[in-house]
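Worksheet: one structure, shown below.
One is the number of the first residue; the rest follow in order along the sequence. Source: prediction; values computed, not measured. Each ligand, and each atom within it, is numbered from 1 in the order the structure gives.
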Amino acid sequence: MLSVTSIPAFNDNYIWLLKNDDNHCVVVDPGDATPVLEALNNEGLELDGILVTHHHNDHIGGIRTLLEHFPALSIYGPATDRFPMVNHPLKHGQSFTLFNTDFTVFHVPGHTLDHIAYYAEGMLFCGDTLFSAGCGRLFEGLPKQMHQSLTHLASLPDDTLVFCAHEYTLSNLKFALAVEPNNTALNEYVVEAKALREKNIPTLPSSIGKEKCINPFLRAHIDSVKAAVSQGATDSTDTETFAALRRWKDEF
Ligand code: ZN
Ligand code: FE
């Protein structure tokens, strides 16, 4: 059985650690090698591989040092020339097997143009594309691309656990409440998430089902969200609504 735990890094990153029964593991987006090496040491684990979602340094900065410790690492990542260290280049729709689990790759442009996400039954590793109650900034992609990427992720089964790369939940929730102050599920989740963070417990993983109820960026098709971004009007397209939400959040 594959189990997933978090390794906190920097201020608010999570490096996800996937391990099987015989002490072999892989990590997702190791921005820093130090906390990864500590975790491997503490738990007596051997690192077999790395999954990379995108090229930002807080996601790849630890790879070089990890390779020095484990020269035979399998490094999975986008099949673009930004990733010379990747020895398993991946495109949309490709699959691979890790610890007897099938993973499928989705191309999810928006935060960056070559961002990918990893899906296995019941779990999604989505880097900086989908956050709990939010989504990544559009550094490279167009609103239309990010909206399509998020819509694709939202089509996964409701019980899919969402392992995003940052603990941004509470600040995202402030924005979500400004958009939908009367959303009951959202208000309930704010109480839950605050209680978790007071005890320093991660709010992640979330789930696709939960995000569809509380994340404004997955709710651009809902009238109350459309109305919130356009002075009560509900006739804007979903993509226009998404773009307006993203602009609003950038200045929030
Ligand atoms: Zn990023
Ligand atoms: Fe990041």
Provide the tally of protein N/O/S atoms nearer than 2.8 Å to the Fe ion (ligand 2). 4

Single-linkage hydrophobic cluster Ile63~Leu47, side-chain heavy atoms < 4.5 angstrom: yes

If you define the side chain from C-beta out and look only at heavy atoms, does anything of Asp128 sit under 4.5 Å from His166? yes

With 2.8 Å as the limit, count the protein N, O or S atoms near the Zn ion (ligand 1). 4

For the pair His115 and His107, evaluate ring pair (Phe, Tyr, Trp, His ring centres under 6.0 Å) and give the outcome as yes or no after the intermediate values. CA-CA 6 Å; His115 197 302; His107 178 216; 9.1 Å; no

Check the surroundings of atom CD in Glu121: do more than 12 heavy atoms from other residues, nucleotides or ligands lie under 6.0 Å from it? no

Side chain of Tyr118, backbone of Val52: donor and acceptor closer than 3.5 Å? yes

Looking only at heavy atoms, the pair that brings Met146 and Gly136 closest together is CE-O, 3.5 Å

Heavy-atom nearest pair, Phe99 first then Leu2, reads CD1-CD1, 3.3 Å

If we check side-chain hydrogen bond (donor to acceptor under 3.5 Å, both in side chains) with His111, which of these qualifies: Gln145, His56, Arg137? His56

Measure across Asn87 and Leu73 and return the closest heavy-atom pair with its distance rounded to 0.1 Å. ND2-O, 3.0 Å

